[in-house]
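Here is the structure we will look at, set down as structure tokens.
Note that the coordinates shown come from a computational prediction; the quantities given were computed from them, not determined experimentally.
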Amino acid sequence: MAKKNEYFDTFQTLVDFSCQAAKELQTSLQEFDPMTLQGKMESMHEIEHNADDEKHTMMTKLAQEFVTPIEREDIILLANEIDEVIDKIEDVLMRIYMYNIKAIRPEALAFTDVIVRCTMALQVAMAEFYNFHKSKEIKQCIIDVNTMEEEGDALYIEAMRTLYTSDADAVTIVAWSETFDRLEECCDACEHVANVMESVMMKNA
């Protein structure tokens with residue numbers, strides 16, 4: 001069994017934060033109440049802030065070290081990509097607040113399910129990432145994330161078609177178009193994390 005390195009612990013912590021953010025988004029939309037949305041945004045921002053603190057601590061450590069378990073550039077890239085997942089998830093709630101959305105469309109709830117499953121797959125993969133030379137589980141998780149991202153793409157197309165063929169007014173169409181864009185970007189961001197992990201594995205094979 002490979003020895004776990006502190007960088008891999010931080011990656012795992014960051015992905016844990018992405019899972020928290022995804023579940024917070026899902027709960028916020030499932031139990032949607034415009035009156036409590038600001039409070040939900042504050043909770044989400046706290047998750048994002050804690051993740052930023054973890055990332056900054058790791059970057060400070062990285063700047064002081066000469067020997068790293070994987071290439072320095074890959075550590076930076078992977079940390080930034082995980083951070084992007086959290087930022088994209090937070091952005092969904094911000095859009096719903098900015099556009100004063102009063103009711104959640106069912107397609108948005110379906111999207112949150114995909115996003116939660118994506119982050120959970122990344123969580124499983126990252127728990128094994130320190131041992132990527134031998135782990136068989138990571139590869140399947142990466143495939144799963146790619147498959148779920150495709151599910152998100154299909155959901156996006158159908159959500160937009162349903163929106164534009166509905167009798168919704170122009171303001172609602174604009175608001176939900178932007179929101180669906182952000183939801184789809186959450187799935188893309190998860191896939192980017194999986195792709196960086198796969199790239200690191202290939203470079204270090």
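- Hydrophobic side-chain contacts under 4.5 Å tie Met202 to no other Ile, Leu, Val, Met, Phe, Trp or Tyr residue.
- With side-chain heavy atoms closer than 4.5 Å counting as contact, directly or through intermediates, Met98 stands alone and belongs to no larger hydrophobic cluster.
- Every pair passing salt bridge (Lys or Arg N to Asp or Glu O under 4.0 Å) that includes a residue from residues 93-111 is listed here, sequence neighbours excluded: Asp91-Arg95, Arg105-Glu107.
- Here Ser135 contributes atom OG and Gln140 contributes atom CD; the two are 11.0 Å apart, rounded to the nearest 0.5 Å.
- The hydrophobic cluster containing Ile86, built from Ile/Leu/Val/Met/Phe/Trp/Tyr side-chain heavy atoms closer than 4.5 Å, also comprises Phe17, Ile47.
- Defined by atom type and a distance below 3.5 Å, a donor-acceptor pair is present between the side-chain atoms of Tyr156 and Asp181.
- Here Asn131 contributes atom CG and Glu137 contributes atom CD; the two are 11.0 Å apart, rounded to the nearest 0.5 Å.
- For Ile173, the side chain to side chain contact (heavy atoms under 4.5 Å, CB included) partners two or more places apart in sequence, or in a different chain, are Leu163, Tyr164, Ala168, Ser177.
- For residues 52-65, the set of pairs meeting the salt bridge (Lys or Arg N to Asp or Glu O under 4.0 Å) definition, not counting sequence neighbours, comprises Glu6-Lys61, Lys55-Asp83, Lys61-Glu65.
- Met120 belongs to a hydrophobic cluster whose remaining members, ordered by chain and number, are Val116; membership requires side-chain heavy atoms of ILVMFWY residues under 4.5 Å apart, directly or through intermediates.
- The side chain to side chain contact (heavy atoms under 4.5 Å, CB included) search around Gln123 returns Val15, Asp16, Cys19, not counting sequence neighbours.
- Expressed to the nearest 0.5 Å, how far CD of Glu81 lies from OG of Ser18 amounts to 12.5 Å.
- Listed for the Arg72 side chain is a donor-acceptor partner under 3.5 Å among the backbone atoms of Leu62.
- Pairs passing the salt bridge (Lys or Arg N to Asp or Glu O under 4.0 Å) check and including a residue from residues 28-45, sequence neighbours excluded, do not occur.
- Looking at Lys136 and Glu128, no side-chain N of the basic residue comes within less than 4.0 Å of a carboxylate O on the acidic one, giving no salt bridge.
- Between atom CD of residue Glu178 and atom CD1 of residue Ile101 there is a gap of 10.0 Å, rounded to the nearest 0.5 Å.
- For residues 196-205, the pairs satisfying salt bridge (Lys or Arg N to Asp or Glu O under 4.0 Å) are Glu71-Lys203, Asp74-Lys203, with sequence neighbours left out.
- Partners of Glu158 according to the side chain to side chain contact (heavy atoms under 4.5 Å, CB included) rule, which considers only residues two or more places apart in sequence or in another chain, do not exist here.
- Taking the six-membered ring where tryptophan is involved, the planes of Phe180 and Trp176 are tilted, since the angle between them lies from 30° to 60°.
- Annotation: side chain to side chain contact (heavy atoms under 4.5 Å, CB included) contacts of Ala110 (sequence neighbours excluded): Leu155.
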